[in-house]
Structure formats: C-alpha cells, structure tokens
Amino acid sequence: MAARIRAKTGTGCPSHWLRGWHLSPGLPGSRLAHVGVADQLQREYDAVVIGAGHNGLVAAAYLQRAGVRTAVLEKRHVLGGAAVTEEIVPGFKFSRASYLLSLLRPQIYTELELQQHGLRVLPRDPYSFTPLLEDRSPPRSLLLGHDMAQTQQQIAQFSQKDAQILDQWFESEPLKATLATDAVIGAMASPHTPGSGYVLLHHVMGELEGRRGAWGYVAGGMGALSQAIACAAAARGAHIFAEKAVSSVLLGRDRRAQGVVLQDGTEVRSKLVLSNASPQITFLELTPQEQLPKDFIQRIRQADTRSPVTKINVAVDRLPSFLAVPNARNGQPLPHHQCSIHLNCEGTHLLHQAFTEATQGHPSSRPMIELCIPSALDPGLAPRGCHVVSLFTQYTPSVLAGGQPWDEQARNAYADTVFDCIEAYAPGFKASVIGRDILVPPDLERIFGLPGGNIFHGGMSLDQLYFARPAPSYSGYRSPVPNLYLCGSGAHPGGGVMGAAGRNAARVALEDFRRL
C-alpha cells in the first residue's frame with residue numbers, strides 16, 4: 001500500500017444567487033438564475049454556452065464579466081459536468097466523477113473571486129513543477145513552425161516513457177510505481193508507453209492557494225467547485241439552466257453560428273456559441289456535417305478516445321482498516337485515511353500487466369486502484385460513523401473482447417475483483433459496504449458525455465496536444481464554423497479540472513464579439 005497526501009476542505013457554501021437548484025440531484029426543471037433577472041429562458045442572448053461543465057461555467061463567467069449577455073444550457077439535472085456532487089446512496093454525497101482538485105488555474109480563483117463564492121480547499125502534496133503552457137493558447141511558434149529547435153527539445157522531453165523519467169530520479173520500485181500512476185491516470189497507456197512522461201507532467205503542474213503541486217478535496221465535494229463558478233457567473237448576470245438539452249447548433253444563411261435548437265424544438269438565438277461538449281458531440285452530432293471540412297470531420301472521427309477508467313463510488317459503515325496501519329480503537333480517521341491510497345502499485349510491472357490485459361479487451365485481473373476517503377476530512381458527506389470511498393481504477397477497456405456488452409454482470413464482476421483486491425489490503429472492507437455506484441467507460445460516456453469514457457475528452461498523447469488539439473489549425477478555440485467555439489477539455493490544454501480552456505475560449509470569443 002502506498003499513500004500520498006492530497007487534501008481537505010470544510011463545508012459547502014450556500015449562495016443567495018441560487019434559486020431552485022441543488023448541489024446533489026436537483027428537482028425536475030431546476031435551474032440557476034440571477035435574482036432580479038428573468039426566471040425563464042430568453043429567446044435571445046449575446047452568447048450561449050452548451051453544457052455546464054466547469055469549463056463552460058468558467059467561460060460564461062468571463063463572458064458575462066465583460067458585459068456579454070450569456071446563457072448556459074445543461075442537459076442534466078445537476079450542474080458541473082464531471083465535477084458534480086451527487087447523493088447516489090441516501091445520506092452519502094459523492095464526487096461522482098472527478099474527485100480531486102489541483103489544476104484549476106490560480107487566475108480563475110482570483111479573477112472570479114471563487115473563495116468569496118464559497119470555494120474552500122486545503123492544499124497538500126508538495127510537487128514543485130508549474131509549467132505555464134496551459135495558461136494561454138498554443139504558442140504561435142508551434143502553430144507557425146518557428147523556433148523548431150526549442151519545440152523539438154520540448155517534444156523530446158514529453159515523448160519520454162514515464163518509467164525512464166522515474167528511473168532517473170528514484171530507486172524504490174514501490175515509490176516509482178506509485179508516482180507512475182499519475183503518468184497513466186485516464187490514459188490507455190502503461191509507464192512504458194512513449195509519451196506517458198507528458199501525462200505525468202500534466203498531473204503535477206497545478207497548485208492550490210499558492211502551493212505548487214498541491215492537490216485537495218473540495219469541501220462539499222467537487223460539485224461545490226461548480227457551484228462557486230456558477231455563483232460567480234450568475235452574480236454578474238448569467239442565466240444558467242439545467243435540463244435544457246441542445247439538439248443542434250443553429251446556422252444562418254451565411255453559415256455562421258447564430259444560436260442553438262433545444263431538444264423540445266425551442267430556438268435560442270445568439271451571436272456566439274461556445275460548446276463545453278466534447279469535439280465528437282460538438283462536431284459530429286450538434287453541427288451540420290455539410291458545414292464542416294471533410295478532413296476536419298475525419299480528424300475528429302479518428303481521434304483516440306479510448307478510456308481505461310472505471311470509477312466506483314462506495315458507501316461504507318466504517319473506515320477501512322489496513323493491515324499495514326490498523327485503525328485506532330476509537331475508530332477516528334488516521335493520517336493515511338486522509339491521503340490518496342494506491343493499491344496494486346508495488347511495481348511498475350503490475351501497471352504494465354494490467355494495461356496489457358485491457359488492450360486485449362479484458363478488465364484487469366489486478367487493477368490499479370487509487371482509493372480516497374474524502375469524508376475522513378469532510379464528515380458532512382456521510383452519516384455519522386459512515387464514510388464515502390472513491391475508487392478510481394484502471395484498466396478497463398471501453399469495448400470488451402468479442403464485442404461482449406458491459407452489462408450488469410460484467411460491471412459487478414469487475415467491481416468484485418476490485419473489492420477482492422482491497423480486501424487483501426484491508427480485511428473487512430467488503431463487509432462494510434452499504435452500496436456502490438459502478439461507472440465503466442460506457443457509463444461515463446452516457447452520463448457525462450465523455451467520449452469513450454475518456455476523462456480528458458480524448459487522449460493526451462503528443463499527436464493530440466497543443467496545435468493538434470482538437471485538430472491541426474483549430475487549436476485556437478475557433479472552429480470551422482464562424483462564431484462557434486470549443487471551450488471544453490477537448491480543446492487546448494486538455495483535460496483535468498483546470499478551467500483554462502473555458503477561460504481562453506471566452507477571451508477569443510470576446511475578441512470576435514467586439515468586431516461584430
């Protein structure tokens with residue numbers, strides 16, 4: 001067992017801007033609206049944002065901050081995209097998909113005044129790298145082919161295998177394997193895959209409240225982060241609605257985006273349309289295909305969206321007691337309960353073996369497991385004496401061997417394998433389980449709109465980064481359709497609860513808006 005400290009938070013933060021909208025499963029027709037402004041969706045705005053994931057909310061907040069009348073339309077009953085808090089088991093509140101915070105850009109904290117809107121985190125994990133590539137659009141040197149010597153040097157660094165990088169710095173195999181998990185999290189790759197070194201870099205480039213490399217739990221779960229961003233947008237006048245699914249982007253005779261059409265047929269006109277959805281949903285489902293270049297469509301179709309991830313949320317009636325560090329007699333959380341606990345990570349060869357099984361279409365027999373117990377630091381997430389356990393696991397293929405479906409039997413069989421592994425480290429864990437929520441890759445796609453279940457909206461490989469994300473010549477957030485922008489994780493700089501894509505896309509869209 002390897003443990004790594006990641007973070008705490010306090011309680012959630014109610015806001016007087018919230019009206020009829022709840023952090024965990026909302027009421028039918030619930031929405032977020034600015035007090036004193038229209039309660040109903042208007043038929044015309046300056047900008048419409050498709051999807052209330054954290055990037056979409058960030059984009060809306062910046063647009064509204066600049067005086068652009070903005071509406072956000074979310075298809076689910078709860079805001080936040082993958083950054084949500086949901087009460088799956090009665091009395092237990094889970095960060096159902098994303099579960100830790102670090103990569104959110106410090107400018108967003110400050111400029112949107114998220115602390116004043118209730119966001120609270122406690123940073124931990126002393127990493128020290130903070131590259132600034134994610135703070136802006138891809139450098140023009142990359143877009144135009146200049147400064148190639150420097151570019152080639154960067155690519156040489158990023159193309160390394162994670163195992164090579166770790167071998168240069170560490171001797172302990174369990175330590176190397178534990179750190180290697182950050183190189184493969186969310187990626188269909190092993191520590192021996194070329195380019196996995198960049199994924200490691202991506203996961204350690206963040207900071208919290210000035211501490212570089214720190215990770216944290218959000219008080220009240222990840223949905224409280226989305227709530228704070230939504231409050232920041234609504235406080236400036238943005239209209240944010242749940243259960244408003246968009247069926248298509250509305251184009252004018254000049255082939256420019258001029259709004260959206262909802263699934264119920266309602267048309268909402270706007271001068272700008274920003275999509276927080278994945279490139280696949282945005283350009284293959286919502287945009288008329290005849291308006292897009294064929295090579296662009298082909299690039300989006302061929303993007304690598306394979307996912308190795310299954311997220312399992314567990315309600316338990318007591319803390320796990322690990323053989324390595326047994327629980328205290330009083331049952332109170334110990335320091336390791338406040339860490340992220342890595343299991344089946346005694347050696348990088350175990351990670352590679354698990355990866356190999358998945359590439360053959362079989363869920364790993366000894367999966368990589370990152371176990372977190374946020375209720376050890378945020379007891380309001382669970383009933384007294386009980387806890388919520390987050391299991392981020394790999395590797396599970398998006399498509400099973402032989403085309404077998406991810407049915408309930410397959411889901412439960414894999415979850416049982418994960419629980420058997422945990423039981424070997426913490427006897428009694430299985431007996432403590434009250435309920436569980438199993439999200440295999442097709443579930444992550446169906447519920448959260450993650451293509452193939454990929455938490456980054458597409459692989460973070462060298463051929464899908466920087467000037468090539470989501471496609472060459474379209475990394476600057478503008479799409480082939482004028483006035484239609486991509487503001488989600490499928491745009492530069494990629495996945496993670498970062499907010500950079502939303503902030504950058506809003507700035508680009510605002511430049512264009514001022515010229516309309």
Side-chain angles (χ1 to χ4, degrees), residues 81-84 86 88-89 94-100 181-190 199 203 222 304-316 340-345 350-374 388-425 429-430 433 435-460 495-496:
V84 291
E86 296 193 68
I88 305 301
V89 178
F94 298 97
S95 292
R96 196 178 185 195
S98 64
Y99 57 105
L100 290 169
T181 61
D182 271 347
V184 299
I185 278 181
M188 186 58 83
S190 94
V199 182
H203 280 92
M222 290 297 286
D304 182 3
T305 60
R306 294 174 301 159
S307 170
V309 173
T310 288
K311 176 76 186 299
I312 307 176
N313 300 299
V314 190
V316 297
S340 61
I341 299 169
H342 295 236
L343 307 178
N344 291 341
C345 298
L350 293 176
L351 305 181
H352 183 72
Q353 176 183 326
F355 160 75
T356 301
E357 290 178 288
T359 60
Q360 298 169 354
H362 303 291
S364 302
S365 58
R366 191 174 178 186
M368 181 187 93
I369 303 169
E370 183 178 47
L371 184 155
C372 296
I373 313 171
V388 296
V389 177
S390 169
L391 303 175
F392 188 92
T393 77
Q394 293 181 209
Y395 294 78
T396 48
S398 300
V399 180
L400 294 174
Q404 294 297 311
W406 268 113
D407 54 20
E408 284 303 304
Q409 182 178 356
R411 286 183 180 87
N412 285 313
Y414 175 71
D416 289 343
T417 296
V418 172
F419 282 30
D420 286 342
C421 289
I422 298 173
E423 186 77 12
Y425 292 96
F429 174 78
K430 292 196 292 186
V433 174
R436 65 189 191 185
D437 173 43
I438 307 165
L439 301 172
V440 296
D443 298 321
L444 294 171
E445 179 169 21
R446 173 178 53 85
I447 297 171
F448 301 107
L450 304 175
N454 192 291
I455 63 174
F456 302 133
H457 284 196
M460 299 285 286

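Being a predicted model, the structure only gives us computed values, none of them experimental.
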Are any non-hydrogen side-chain atoms of L400 and P363 less than 4.5 angstrom apart?
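Counting from C-beta outward, L400 and P363 do come under 4.5 Å.
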
Check: C421 and I369 side chains under 4.5 Å, non-hydrogen atoms:
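Contact flag for I369/C421 side chains = yes.
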
Selection [range] - residue pairs positive for salt bridge (charged side-chain N to carboxylate O under 4.0 Å, His left out), sequence neighbours left out:
range: residues 305-316; result: D304-R306
range: residues 448-458; result: none
range: residues 353-367; result: E346-R366

List the atom of [X], the atom of [Y], and the distance in Å for their closest heavy-atom pair.
X: E445; Y: G453; answer: CB-N, 3.8 Å
X: F429; Y: V314; answer: CZ-CG1, 4.3 Å
X: R96; Y: D437; answer: NE-OD2, 2.9 Å

In Å, rounded to the nearest 0.5 Å, how long is the span from OH of Y425 to CG of L343?
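One finds 5.5 Å between OH of Y425 and CG of L343.
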
Using only atom types and a distance under 3.5 Å, with no angle test, would you say the side chain of [X] pairs donor to acceptor with the backbone of [Y]?
X: E423; Y: K430; answer: yes
X: Y395; Y: A189; answer: yes
X: S307; Y: S398; answer: no
X: S190; Y: H352; answer: no
X: T305; Y: N454; answer: no

Counterpart residues, side chain to side chain contact (heavy atoms under 4.5 Å, CB included), relative to T310 (two or more places apart)
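T310: side chain to side chain contact (heavy atoms under 4.5 Å, CB included) contacts with I312, T393, T396, Y414, I438, V440, P441.
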
Set of residues satisfying side chain to side chain contact (heavy atoms under 4.5 Å, CB included) with respect to E408, sequence neighbours excluded:
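E408: side chain to side chain contact (heavy atoms under 4.5 Å, CB included) contacts with R411, N412.
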
Taking ring pair (Phe, Tyr, Trp, His ring centres under 6.0 Å) as the definition, give me every residue that meets it alongside F448, ordered by chain and number, with sequence neighbours left out.
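So F448 forms no ring pair (Phe, Tyr, Trp, His ring centres under 6.0 Å) with any residue.
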
